[in-house]
Amino acid sequence: MSVKIYHQVGHNSNWNIDSFEENGCGDGLILSPVHQAPSMIERLSTKTRAASIFDPQFYVPSSQKPKLLQYDFFPEGMSVSGFATIGFEYLVKEAAEKCLAFQRNMGFRRLVVPTRFLDQMYPNYVDRQRVFSVDAFMESIRNDEKVCLALAVTGAMIEDEGFRTRLLSWVTSYPNVTELCLNYFVPRETKQISDPNFLISCHRLGQETQEIGLDLTWGHQNTEALLMSAQGNIAVSIGSFENTRIFSTDKFIVTDEDRRGPKARVYIKGLLNWVQFEQAKEIRSKFPELWRNIYEPTIFSEEAFAQALEPTFNQPLLYKHYFMNMNTDISIMGDLSLVDRKKYLHDRIERAKAAYTQIEKSIKLERHGQGGHLSYWLKAVDQF
(Lines give C-alpha, C1' and ligand atoms only; values in the text may rest on other atoms or scores of the structure.)
Protein backbone atom coordinates (compact mmCIF):
# COMPACT_ATOMS: atom_id res chain seq x y z
CA MET A 1 0.00 0.00 0.00
CA SER A 2 1.13 3.58 -0.50
CA VAL A 3 0.08 7.18 -0.04
CA LYS A 4 1.13 9.75 -2.62
CA ILE A 5 2.07 13.29 -1.63
CA TYR A 6 1.60 16.36 -3.81
CA HIS A 7 2.69 19.94 -3.14
CA GLN A 8 -0.25 22.35 -3.22
CA VAL A 9 1.71 25.16 -4.83
CA GLY A 10 0.99 28.76 -3.83
CA HIS A 11 3.02 31.96 -3.71
CA ASN A 12 6.79 31.49 -3.68
CA SER A 13 6.37 28.33 -5.73
CA ASN A 14 10.12 27.80 -5.82
CA TRP A 15 9.94 26.59 -2.21
CA ASN A 16 7.73 23.68 -3.27
CA ILE A 17 9.66 23.04 -6.46
CA ASP A 18 12.99 22.93 -4.63
CA SER A 19 11.52 20.67 -1.97
CA PHE A 20 10.27 18.26 -4.64
CA GLU A 21 13.21 18.37 -7.03
CA GLU A 22 16.13 18.80 -4.62
CA ASN A 23 14.95 17.37 -1.29
CA GLY A 24 12.87 14.48 -2.64
CA CYS A 25 9.71 15.53 -0.82
CA GLY A 26 6.52 14.35 -2.46
CA ASP A 27 5.48 12.81 -5.78
CA GLY A 28 4.66 15.97 -7.74
CA LEU A 29 2.86 19.31 -7.68
CA ILE A 30 -0.71 20.62 -7.82
CA LEU A 31 -0.28 23.86 -9.73
CA SER A 32 -2.54 26.83 -8.98
CA PRO A 33 -3.08 29.46 -11.70
CA VAL A 34 -4.27 31.96 -9.07
CA HIS A 35 -0.65 31.93 -7.89
CA GLN A 36 1.37 30.85 -10.97
CA ALA A 37 1.48 32.70 -14.27
CA PRO A 38 1.63 30.61 -17.47
CA SER A 39 5.26 31.61 -18.03
CA MET A 40 6.26 30.17 -14.66
CA ILE A 41 4.60 26.84 -15.44
CA GLU A 42 6.25 26.72 -18.86
CA ARG A 43 9.65 27.06 -17.18
CA LEU A 44 9.17 23.91 -15.12
CA SER A 45 11.13 20.89 -16.26
CA THR A 46 9.38 18.35 -18.45
CA LYS A 47 9.94 15.75 -15.74
CA THR A 48 8.32 17.86 -13.02
CA ARG A 49 5.30 18.69 -15.16
CA ALA A 50 4.87 15.00 -16.01
CA ALA A 51 4.58 14.26 -12.28
CA SER A 52 2.12 17.10 -11.65
CA ILE A 53 -1.40 18.29 -12.37
CA PHE A 54 -2.77 21.72 -13.19
CA ASP A 55 -6.02 22.69 -11.45
CA PRO A 56 -7.69 25.34 -13.67
CA GLN A 57 -9.43 26.75 -10.57
CA PHE A 58 -12.78 27.76 -12.01
CA TYR A 59 -14.13 27.71 -8.43
CA VAL A 60 -14.95 31.45 -8.49
CA PRO A 61 -15.38 32.07 -12.25
CA SER A 62 -15.82 35.84 -11.80
CA SER A 63 -12.47 36.21 -10.01
CA GLN A 64 -10.40 39.13 -11.21
CA LYS A 65 -7.12 37.97 -9.73
CA PRO A 66 -4.40 39.09 -12.18
CA LYS A 67 -2.66 35.75 -12.66
CA LEU A 68 -5.93 33.95 -13.40
CA LEU A 69 -6.69 36.50 -16.12
CA GLN A 70 -3.40 35.66 -17.83
CA TYR A 71 -4.98 32.36 -18.87
CA ASP A 72 -7.09 32.89 -21.99
CA PHE A 73 -9.54 30.18 -20.93
CA PHE A 74 -10.47 31.52 -17.48
CA PRO A 75 -14.21 32.36 -17.44
CA GLU A 76 -13.90 36.01 -16.32
CA GLY A 77 -11.57 36.82 -19.20
CA MET A 78 -13.53 35.02 -21.91
CA SER A 79 -15.81 38.03 -22.46
CA VAL A 80 -15.05 41.76 -22.48
CA SER A 81 -18.01 42.24 -20.13
CA GLY A 82 -16.71 39.66 -17.64
CA PHE A 83 -18.24 36.42 -16.43
CA ALA A 84 -22.00 35.86 -16.48
CA THR A 85 -23.50 32.42 -15.92
CA ILE A 86 -25.83 32.56 -18.93
CA GLY A 87 -23.28 34.15 -21.24
CA PHE A 88 -20.60 31.61 -20.36
CA GLU A 89 -22.79 28.80 -21.68
CA TYR A 90 -21.93 30.04 -25.18
CA LEU A 91 -18.21 30.28 -24.43
CA VAL A 92 -17.58 27.19 -22.33
CA LYS A 93 -16.76 24.97 -25.32
CA GLU A 94 -14.02 27.37 -26.40
CA ALA A 95 -12.75 27.62 -22.82
CA ALA A 96 -12.62 23.84 -22.56
CA GLU A 97 -10.68 23.43 -25.79
CA LYS A 98 -8.15 26.10 -24.82
CA CYS A 99 -7.73 24.79 -21.28
CA LEU A 100 -7.23 21.20 -22.39
CA ALA A 101 -4.81 22.28 -25.13
CA PHE A 102 -2.72 24.09 -22.53
CA GLN A 103 -2.65 21.02 -20.29
CA ARG A 104 -1.74 18.71 -23.16
CA ASN A 105 1.05 21.01 -24.32
CA MET A 106 2.50 21.14 -20.80
CA GLY A 107 2.50 17.33 -20.54
CA PHE A 108 0.92 16.98 -17.10
CA ARG A 109 0.39 13.52 -15.67
CA ARG A 110 -3.39 13.80 -16.08
CA LEU A 111 -5.90 16.21 -17.56
CA VAL A 112 -7.99 18.11 -14.99
CA VAL A 113 -11.61 19.14 -15.56
CA PRO A 114 -12.63 22.16 -13.45
CA THR A 115 -15.88 22.81 -11.62
CA ARG A 116 -17.48 25.74 -9.82
CA PHE A 117 -17.64 26.06 -6.03
CA LEU A 118 -21.29 25.85 -4.93
CA ASP A 119 -21.87 26.34 -1.22
CA GLN A 120 -25.31 24.69 -1.07
CA MET A 121 -26.54 21.16 -1.68
CA TYR A 122 -28.85 22.24 -4.47
CA PRO A 123 -31.21 19.53 -5.77
CA ASN A 124 -29.75 20.23 -9.22
CA TYR A 125 -26.12 20.45 -8.02
CA VAL A 126 -24.92 17.94 -10.60
CA ASP A 127 -26.82 19.59 -13.45
CA ARG A 128 -25.33 22.96 -12.54
CA GLN A 129 -21.81 21.54 -12.71
CA ARG A 130 -22.50 19.76 -15.98
CA VAL A 131 -23.83 22.87 -17.70
CA PHE A 132 -21.19 25.17 -16.25
CA SER A 133 -18.13 23.24 -17.42
CA VAL A 134 -18.03 19.48 -17.10
CA ASP A 135 -20.00 18.35 -20.15
CA ALA A 136 -18.14 20.73 -22.48
CA PHE A 137 -14.79 19.50 -21.18
CA MET A 138 -15.81 15.85 -21.48
CA GLU A 139 -16.88 16.38 -25.09
CA SER A 140 -13.35 17.61 -25.82
CA ILE A 141 -11.63 14.69 -24.09
CA ARG A 142 -10.18 12.00 -26.34
CA ASN A 143 -11.13 8.38 -25.78
CA ASP A 144 -7.66 7.38 -24.59
CA GLU A 145 -7.19 10.30 -22.16
CA LYS A 146 -7.48 9.82 -18.39
CA VAL A 147 -9.14 12.62 -16.51
CA CYS A 148 -9.12 14.07 -13.00
CA LEU A 149 -12.22 15.97 -11.88
CA ALA A 150 -11.44 18.85 -9.50
CA LEU A 151 -14.18 19.60 -6.97
CA ALA A 152 -14.49 22.00 -4.04
CA VAL A 153 -17.28 21.09 -1.64
CA THR A 154 -18.52 22.02 1.81
CA GLY A 155 -18.08 19.92 4.90
CA ALA A 156 -21.84 19.33 5.01
CA MET A 157 -21.70 17.76 1.55
CA ILE A 158 -19.10 15.25 2.71
CA GLU A 159 -21.05 14.42 5.85
CA ASP A 160 -24.31 13.82 3.95
CA GLU A 161 -24.21 10.15 2.93
CA GLY A 162 -26.88 10.58 0.28
CA PHE A 163 -25.09 13.52 -1.31
CA ARG A 164 -21.79 11.60 -1.29
CA THR A 165 -23.45 8.69 -3.07
CA ARG A 166 -25.01 10.92 -5.74
CA LEU A 167 -21.74 12.76 -6.22
CA LEU A 168 -19.70 9.60 -6.72
CA SER A 169 -22.34 8.11 -9.01
CA TRP A 170 -22.12 11.20 -11.18
CA VAL A 171 -18.30 11.29 -11.23
CA THR A 172 -18.05 7.63 -12.22
CA SER A 173 -20.64 8.06 -14.97
CA TYR A 174 -17.80 9.47 -17.09
CA PRO A 175 -15.61 6.54 -18.24
CA ASN A 176 -12.54 8.75 -18.67
CA VAL A 177 -12.62 10.08 -15.10
CA THR A 178 -10.21 7.99 -13.08
CA GLU A 179 -9.32 10.48 -10.34
CA LEU A 180 -11.08 12.94 -8.06
CA CYS A 181 -9.17 15.92 -6.65
CA LEU A 182 -11.28 17.02 -3.70
CA ASN A 183 -11.03 20.25 -1.73
CA TYR A 184 -13.33 21.11 1.15
CA PHE A 185 -14.39 24.31 2.87
CA VAL A 186 -14.94 23.79 6.59
CA PRO A 187 -15.45 26.78 8.90
CA ARG A 188 -13.26 26.46 11.97
CA GLU A 189 -12.32 28.48 15.04
CA THR A 190 -8.75 27.20 15.07
CA LYS A 191 -6.46 26.21 12.25
CA GLN A 192 -6.83 22.50 13.02
CA ILE A 193 -10.09 20.63 12.39
CA SER A 194 -11.93 19.78 15.61
CA ASP A 195 -14.98 17.99 14.21
CA PRO A 196 -14.72 14.20 14.58
CA ASN A 197 -17.91 13.55 12.60
CA PHE A 198 -16.49 15.40 9.61
CA LEU A 199 -13.20 13.50 9.82
CA ILE A 200 -15.07 10.19 10.04
CA SER A 201 -17.11 11.16 6.97
CA CYS A 202 -13.90 11.97 5.08
CA HIS A 203 -12.60 8.53 6.01
CA ARG A 204 -15.75 6.88 4.68
CA LEU A 205 -15.57 8.89 1.48
CA GLY A 206 -11.97 7.80 1.01
CA GLN A 207 -12.99 4.18 1.37
CA GLU A 208 -15.96 4.61 -0.95
CA THR A 209 -13.84 6.03 -3.75
CA GLN A 210 -11.48 3.07 -3.55
CA GLU A 211 -14.34 0.58 -3.55
CA ILE A 212 -15.50 1.97 -6.92
CA GLY A 213 -11.98 2.07 -8.34
CA LEU A 214 -11.56 5.86 -8.30
CA ASP A 215 -8.25 7.48 -7.39
CA LEU A 216 -8.60 10.19 -4.74
CA THR A 217 -6.39 13.20 -4.06
CA TRP A 218 -7.23 15.33 -1.04
CA GLY A 219 -6.24 18.90 -1.92
CA HIS A 220 -5.51 21.82 0.42
CA GLN A 221 -4.62 19.63 3.36
CA ASN A 222 -3.33 20.87 6.69
CA THR A 223 -1.94 18.51 9.33
CA GLU A 224 -5.07 16.36 8.98
CA ALA A 225 -3.34 14.89 5.91
CA LEU A 226 -1.98 12.35 8.39
CA LEU A 227 -5.51 11.25 9.27
CA MET A 228 -6.47 11.03 5.61
CA SER A 229 -3.52 8.70 5.09
CA ALA A 230 -5.37 6.05 7.10
CA GLN A 231 -7.85 5.60 4.23
CA GLY A 232 -5.69 3.45 1.97
CA ASN A 233 -4.12 4.08 -1.43
CA ILE A 234 -4.99 7.76 -1.71
CA ALA A 235 -3.03 10.98 -2.24
CA VAL A 236 -2.75 14.01 0.04
CA SER A 237 -1.36 17.49 -0.41
CA ILE A 238 1.12 19.54 1.58
CA GLY A 239 1.48 23.30 1.31
CA SER A 240 3.30 26.30 2.72
CA PHE A 241 1.09 29.33 3.43
CA GLU A 242 -2.25 28.72 5.07
CA ASN A 243 -4.19 29.40 1.85
CA THR A 244 -2.62 26.27 0.37
CA ARG A 245 -3.35 24.19 3.48
CA ILE A 246 -6.92 25.35 4.14
CA PHE A 247 -9.32 25.80 1.22
CA SER A 248 -11.25 29.06 1.03
CA THR A 249 -12.60 31.18 -1.78
CA ASP A 250 -11.03 34.25 -0.15
CA LYS A 251 -7.87 33.90 -2.21
CA PHE A 252 -9.87 34.34 -5.41
CA ILE A 253 -11.31 37.67 -4.28
CA VAL A 254 -9.52 40.93 -5.07
CA THR A 255 -9.39 43.19 -2.01
CA ASP A 256 -7.68 46.43 -1.08
CA GLU A 257 -7.55 45.44 2.56
CA ASP A 258 -4.08 45.51 4.10
CA ARG A 259 -3.39 42.32 5.97
CA ARG A 260 -0.89 42.14 8.76
CA GLY A 261 1.61 39.33 8.33
CA PRO A 262 1.20 36.54 10.91
CA LYS A 263 3.91 35.49 13.32
CA ALA A 264 6.19 32.72 12.11
CA ARG A 265 5.20 29.19 13.14
CA VAL A 266 7.16 25.97 13.19
CA TYR A 267 5.66 22.51 12.78
CA ILE A 268 6.33 20.35 15.84
CA LYS A 269 5.96 16.73 14.80
CA GLY A 270 5.35 15.38 18.30
CA LEU A 271 2.55 17.88 18.91
CA LEU A 272 0.88 17.32 15.53
CA ASN A 273 0.60 21.08 15.23
CA TRP A 274 2.23 24.36 14.23
CA VAL A 275 3.45 26.47 17.17
CA GLN A 276 4.52 30.11 17.12
CA PHE A 277 8.29 30.15 16.72
CA GLU A 278 8.92 32.20 19.85
CA GLN A 279 6.84 29.78 21.92
CA ALA A 280 8.64 26.79 20.41
CA LYS A 281 11.91 28.30 21.65
CA GLU A 282 10.35 28.63 25.09
CA ILE A 283 9.37 24.96 25.07
CA ARG A 284 12.89 24.02 24.00
CA SER A 285 14.35 26.06 26.86
CA LYS A 286 12.01 24.91 29.65
CA PHE A 287 11.57 21.27 28.62
CA PRO A 288 14.82 20.12 26.92
CA GLU A 289 14.13 16.41 27.38
CA LEU A 290 10.54 16.69 26.13
CA TRP A 291 11.78 18.83 23.24
CA ARG A 292 14.04 16.02 22.07
CA ASN A 293 11.01 13.74 21.95
CA ILE A 294 8.59 16.04 20.12
CA TYR A 295 10.86 17.93 17.74
CA GLU A 296 12.15 16.27 14.56
CA PRO A 297 15.05 18.44 13.37
CA THR A 298 15.77 19.13 9.72
CA ILE A 299 18.56 21.13 8.14
CA PHE A 300 16.04 23.92 7.56
CA SER A 301 14.62 24.16 11.07
CA GLU A 302 18.09 23.96 12.62
CA GLU A 303 19.17 26.87 10.45
CA ALA A 304 16.11 28.84 11.55
CA PHE A 305 16.82 28.23 15.24
CA ALA A 306 20.48 29.18 14.76
CA GLN A 307 19.69 32.58 13.26
CA ALA A 308 20.28 35.70 15.34
CA LEU A 309 16.92 37.06 14.23
CA GLU A 310 13.73 35.03 14.33
CA PRO A 311 12.45 34.00 10.88
CA THR A 312 9.40 35.67 9.44
CA PHE A 313 6.33 33.98 7.98
CA ASN A 314 7.43 34.79 4.41
CA GLN A 315 10.79 33.02 4.59
CA PRO A 316 11.18 29.41 3.35
CA LEU A 317 13.05 27.58 6.13
CA LEU A 318 10.12 26.62 8.36
CA TYR A 319 7.95 25.55 5.42
CA LYS A 320 10.67 23.33 3.96
CA HIS A 321 11.05 21.84 7.45
CA TYR A 322 7.32 21.08 7.42
CA PHE A 323 7.54 19.47 3.99
CA MET A 324 10.29 17.14 5.17
CA ASN A 325 8.52 16.18 8.40
CA MET A 326 5.22 15.48 6.67
CA ASN A 327 6.87 13.62 3.82
CA THR A 328 8.54 11.30 6.34
CA ASP A 329 5.38 10.73 8.38
CA ILE A 330 3.08 10.11 5.42
CA SER A 331 5.65 7.79 3.83
CA ILE A 332 5.72 5.79 7.07
CA MET A 333 1.94 5.58 7.00
CA GLY A 334 2.02 4.36 3.40
CA ASP A 335 4.20 1.40 4.34
CA LEU A 336 1.76 0.19 7.02
CA SER A 337 -1.38 -1.93 6.76
CA LEU A 338 -4.68 -0.16 7.39
CA VAL A 339 -4.90 -1.68 10.86
CA ASP A 340 -1.37 -0.56 11.70
CA ARG A 341 -2.03 2.94 10.33
CA LYS A 342 -4.88 3.35 12.77
CA LYS A 343 -2.72 2.12 15.67
CA TYR A 344 0.14 4.39 14.60
CA LEU A 345 -2.15 7.44 14.58
CA HIS A 346 -3.75 6.49 17.91
CA ASP A 347 -0.34 6.23 19.58
CA ARG A 348 0.93 9.47 18.01
CA ILE A 349 -2.13 11.40 19.20
CA GLU A 350 -1.90 10.00 22.72
CA ARG A 351 1.76 10.99 22.95
CA ALA A 352 0.98 14.46 21.64
CA LYS A 353 -1.75 14.92 24.23
CA ALA A 354 0.64 13.89 27.01
CA ALA A 355 3.26 16.33 25.75
CA TYR A 356 0.73 19.16 25.68
CA THR A 357 -0.32 18.34 29.25
CA GLN A 358 3.26 18.79 30.40
CA ILE A 359 3.88 21.96 28.40
CA GLU A 360 0.70 23.74 29.38
CA LYS A 361 1.47 23.44 33.08
CA SER A 362 3.90 26.34 32.70
CA ILE A 363 3.45 27.82 29.21
CA LYS A 364 0.22 29.37 27.96
CA LEU A 365 0.28 28.64 24.25
CA GLU A 366 -1.70 30.91 21.93
CA ARG A 367 -4.94 29.28 20.88
CA HIS A 368 -3.93 28.00 17.43
CA GLY A 369 -0.86 26.29 18.91
CA GLN A 370 -2.83 24.48 21.60
CA GLY A 371 -3.73 20.81 21.45
CA GLY A 372 -7.50 21.03 21.77
CA HIS A 373 -7.98 19.29 18.43
CA LEU A 374 -6.28 16.09 19.58
CA SER A 375 -9.18 14.68 21.62
CA TYR A 376 -11.44 15.08 18.58
CA TRP A 377 -8.85 13.48 16.34
CA LEU A 378 -8.55 10.54 18.70
CA LYS A 379 -12.32 10.10 18.76
CA ALA A 380 -12.37 10.06 14.97
CA VAL A 381 -9.42 7.66 14.58
CA ASP A 382 -10.95 5.19 17.02
CA GLN A 383 -14.01 5.00 14.74
CA PHE A 384 -12.08 4.66 11.48
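The model shown is predicted, which means the values in this text are computed figures rather than measured ones. Side chains included, hydrogens not; waters and symmetry mates left out as well; all remaining heavy atoms used.
The CD atom of Glu303 sits 10.0 Å away from atom CG of Leu318, with the distance rounded to the nearest 0.5 Å. Here CG of Leu149 is found 6.0 Å from CG of Leu180. Values are rounded to the nearest 0.5 Å. Within the model, atoms CD1 of Ile41 and CG of Asn105 stand 12.5 Å from one another, a figure rounded to the nearest 0.5 Å. The line from CH2 of Trp274 to OH of Tyr322 is 6.0 Å long, rounded to the nearest 0.5 Å. The distance from the CG atom of Leu44 to the CD1 atom of Ile17 is 4.5 Å, given to the nearest 0.5 Å. Note that the CG atom of Leu151 and the SG atom of Cys148 stand 9.0 Å from one another [nearest 0.5 Å].
Under a 3.5 Å cut-off, the side chain of Gln129 and the backbone N or O of Arg116 do form a donor-acceptor pair. A distance-only check finds no donor-acceptor pair linking the side chain of Glu159 to the backbone of Met157 [under 3.5 Å]. Looking only at distances, no side-chain donor or acceptor of Ser140 sits under 3.5 Å from a matching main-chain atom of Glu97. Between the side chain of Lys65 and the main chain of Lys251, a donor-acceptor pair closer than 3.5 Å is present. The main-chain N or O of Thr190 is never found under 3.5 Å from a side-chain atom of Arg367 such that the two would form a donor-acceptor pair. At least one donor-acceptor pair closer than 3.5 Å links the side chain of Gln370 to the backbone N or O of Leu365. Not one N or O on the side chain of Tyr174 forms a donor-acceptor pair closer than 3.5 Å with the backbone of Asp135. In this structure a side-chain-to-backbone donor-acceptor pair under 3.5 Å is missing from Gln103 to Arg109. Although no hydrogens or angles enter the test, the distance criterion places no donor-acceptor pair under 3.5 Å between the side chain of Ser285 and the main chain of Lys281. Judged by distance alone, the side chain of Thr217 and the main-chain N or O of Cys181 form no donor-acceptor pair under 3.5 Å.
Ile332 and Ile349 fall within a single hydrophobic cluster, where Ile, Leu, Val, Met, Phe, Trp and Tyr are joined by side-chain heavy atoms under 4.5 Å apart, directly or via other members. Tyr319 and Ile246 are not part of a single hydrophobic cluster, where members link through side-chain heavy atoms under 4.5 Å apart. Follow the hydrophobic side-chain contacts under 4.5 Å out from Leu345 and you never reach Val339; the two are in separate clusters. When hydrophobic clusters are built by joining Ile, Leu, Val, Met, Phe, Trp and Tyr residues whose side-chain heavy atoms come closer than 4.5 Å, directly or via intermediates, Met326 is not grouped with Leu317. At a threshold of 4.5 Å between side-chain heavy atoms, the hydrophobic network of Ile, Leu, Val, Met, Phe, Trp and Tyr places Met40 and Leu69 in one connected group.
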Pair Leu118, Arg128 - check side-chain contact (heavy atoms from CB on, under 4.5 Å), show working. CA-CA 9 Å; Leu118 301 174; Arg128 288 187 180 208; 4.0 Å; yes
Pair Thr178, Arg110 - check side chain to side chain donor-acceptor pair (under 3.5 Å), show working. CA-CA 9 Å; Thr178 58; Arg110 194 159 290 178; 3.2 Å; yes
Trace of the side-chain contact (heavy atoms from CB on, under 4.5 Å) decision for Asn273 with Tyr356: CA-CA 11 Å; Asn273 205 359; Tyr356 266 114; 3.2 Å; yes
Is there a side-chain contact (heavy atoms from CB on, under 4.5 Å) between Met228 and Glu224 once you walk through the steps? CA-CA 6 Å; Met228 302 300 177; Glu224 73 271 6; 4.2 Å; yes
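Residues Glu94 and Lys98 are paired through a salt bridge, judged by an N-O separation under 4.0 Å between the basic side chain and the carboxylate. By the 4.0 Å N-to-carboxylate-O rule, Arg188 lies too far from Asp195 to be salt-bridged with it. A salt bridge does not link Asp160 to Arg164: none of the charged nitrogens lies less than 4.0 Å from a carboxylate oxygen. Here Arg49 does not pair with Glu42 in a salt bridge; the nearest charged N to carboxylate O distance is not below 4.0 Å. With respect to the salt-bridge test (charged N to carboxylate O, under 4.0 angstrom), the residues Glu366 and Arg265 qualify. By the 4.0 Å N-to-carboxylate-O rule, Arg204 lies too far from Glu208 to be salt-bridged with it.
Within the 4.5 Å cutoff, the side chain of Val126 has no heavy atoms near those of the Tyr122 side chain. The shortest distance between side-chain heavy atoms of Val153 and Phe185 does not fall below 4.5 Å. Residues Phe58 and Phe83 fail the side-chain proximity criterion, which asks for heavy atoms closer than 4.5 Å.
Taking the centre of each ring, Phe323 and Phe300 stay at or above the 6.0 Å mark. Taking the six-membered ring where the residue is Trp, the centroids of Trp291 and Phe305 are separated by under 6.0 Å. Aromatic ring centroids of Tyr184 and Phe198 lie under 6.0 Å apart. Remark: aromatic rings of Tyr71 and Phe54 are close, center separation under 6.0 Å.
Applying the side-chain contact (heavy atoms from CB on, under 4.5 Å) criterion to Ile253, with sequence neighbours excluded, gives Val60. Evaluation of the ring pair (Phe, Tyr, Trp, His ring centres under 6.0 Å) rule for Phe137 yields no partner, not counting sequence neighbours. For the salt bridge (charged side-chain N to carboxylate O under 4.0 Å, His left out) test, residues two or more places apart in sequence or in another chain that qualify with Glu242 are Lys191. When the ring pair (Phe, Tyr, Trp, His ring centres under 6.0 Å) test is applied to Phe163, the partners found at least two apart in sequence or on another chain are Tyr125. Applying the side-chain hydrogen bond (donor to acceptor under 3.5 Å, both in side chains) test to Ser79 and every residue at least two apart in sequence or in another chain returns Ser81. For Tyr344, there are no ring pair (Phe, Tyr, Trp, His ring centres under 6.0 Å) partners, not counting sequence neighbours. Listed by chain and residue number, nothing satisfies the ring pair (Phe, Tyr, Trp, His ring centres under 6.0 Å) test with Phe252 (two or more places apart in sequence, or in another chain).
Applying the 6.0 Å contact sphere to CD of Glu310 captures more than 12 heavy atoms from other residues, nucleotides or ligands. Within 6.0 Å of CD in Glu189 there are 12 or fewer heavy atoms belonging to other residues, nucleotides or ligands.
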Extract all donor-acceptor atom pairs below 3.5 Å that involve side chains of residues 376-384 and protein atoms in other chains or at least two apart in sequence.
unit_1 : atom_1 : unit_2 : atom_2 : d
Trp377 : NE1    : Ile193 : O      : 2.9
Asp382 : OD1    : His346 : ND1    : 2.8

Tell me which donor-acceptor pairs under 3.5 Å the side chains of residues 8-16 have, and how far apart each pair is, sequence neighbours excluded?
unit_1 : atom_1 : unit_2 : atom_2 : d
Gln8   : OE1    : His220 : N      : 2.9
Asn16  : ND2    : His7   : ND1    : 3.2

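Sorted by first then second residue, the side chain to side chain donor-acceptor pair (under 3.5 Å) pairs that include residues 141-158, not counting sequence neighbours, are Arg104-Glu145. Applying the side chain to side chain donor-acceptor pair (under 3.5 Å) test to residues at least two apart or on different chains, the pairs with a partner in residues 17-34 are Glu21-Thr48.
Residue Ile30 belongs to a hydrophobic cluster whose other members are Tyr6, Ile53, Val112, with links defined by side-chain heavy atoms closer than 4.5 Å.
Looking at Lys320, Glu296, His321 one by one, the single match for side chain to side chain donor-acceptor pair (under 3.5 Å) with Ser301 turns out to be His321.
In this structure, Arg130 forms no cation-pi arrangement with Trp170, as its terminal cationic atom is not both closer than 6.0 Å to the ring centre and no more than 45° off the ring axis.
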